[in-house]
> 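The structure that follows is given in the form of structure tokens.
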Amino acid sequence: MSAEELKAKIIQKAWEDASFKAQLLSDPKAALKEAFGIVIPDNIEIKTVEETPNQNVLVIPVNPAEALNGTAPLKDMW
């Protein structure tokens with residue numbers, strides 16, 4: 001499964017399961033482990049935010065040039 005497919009499954013579950021969504025917002029590592037069996041290493045931080053009709057989130061990914069020259073960690077998804 002690709003990273004994008006996994007993200008889509010996580011979002012779909014959050015839309016359909018209010019308790020999963022609440023846990024995903026409060027403790028994303030535990031939510032992902034319980035629902036999908038994904039173990040996030042301790043040195044990786046996961047931030048979960050919920051958009052609203054009046055508030056949107058723009059994610060700026062790691063600059064590929066930094067990842068390629070070794071100044072940023074190169075990881076799959078997490």
> Which pair of heavy atoms, one from Ile10 and one from Phe36, lies closest together, and at what distance?
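Shortest heavy-atom separation between Ile10 and Phe36 comes out as CG1-CE1, 3.7 Å.
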> Would you give the length of the straight line joining atom CD of Glu34 to atom CG of Asp27, rounded to the nearest 0.5 angstrom?
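If we round to the nearest 0.5 Å, Glu34:CD and Asp27:CG are 8.5 Å apart.
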> Return yes if some donor-acceptor pair links the side-chain N/O of Thr48 with the main-chain N/O of Leu24 below 3.5 Å, else return no.
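Checking the backbone N and O of Leu24 against the side chain of Thr48, a donor-acceptor pair under 3.5 Å is found.
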> Using the rule that Ile, Leu, Val, Met, Phe, Trp and Tyr join whenever any side-chain heavy atoms are under 4.5 Å apart, tell me whether Val57 and Ile60 fall into a single cluster.
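No: no chain of side-chain contacts under 4.5 Å links Val57 to Ile60.
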> How far apart are the closest heavy atoms of Phe20 and Ala31, and which atoms are they?
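Nearest heavy atoms, Phe20 then Ala31: CE1-O, 3.6 Å.
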> Taking 4.0 angstrom as the limit, do Lys21 and Glu50 come out as a salt bridge?
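A salt bridge links Lys21 with Glu50.
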> Once salt bridge (Lys or Arg N to Asp or Glu O under 4.0 Å) is applied, do any residues pair with Glu51, and if so which ones, sequence neighbours excluded?
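Listed in chain order: nothing, the list is empty.
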> With a 3.5 Å distance limit and no angle check, can you tell me whether Lys29 reaches the backbone of Glu45 through a side-chain donor-acceptor pair?
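Absent.
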> Hey, mind stepping through Ile38 and Leu6 against side chain to side chain contact (heavy atoms under 4.5 Å, CB included) and telling me if it holds?
CA-CA 10 Å; Ile38 299 169; Leu6 179 57; 3.5 Å; yes
> Which atom names give the shortest non-hydrogen contact between Ala30 and Gln23, and what distance separates them?
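For Ala30 and Gln23, the tightest heavy-atom pair comes out as CB-NE2, 3.6 Å.
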> Looking at residues at least two apart in the chain, or sitting in another chain, which of them share a salt bridge (Lys or Arg N to Asp or Glu O under 4.0 Å) with Asp17?
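Testing Asp17 for salt bridge (Lys or Arg N to Asp or Glu O under 4.0 Å), a comparison that skips the adjacent residues, returns Lys13.
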> Using modelled atom types only, decide if a donor and an acceptor are shared between the side chain of Glu5 and the backbone of Ser2 within a distance under 3.5 Å.
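Present.
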> Please step through side chain to side chain contact (heavy atoms under 4.5 Å, CB included) for the pair Asn56 and Leu58, ending with a clear verdict.
CA-CA 7 Å; Asn56 293 281; Leu58 174 63; over 6 Å; no
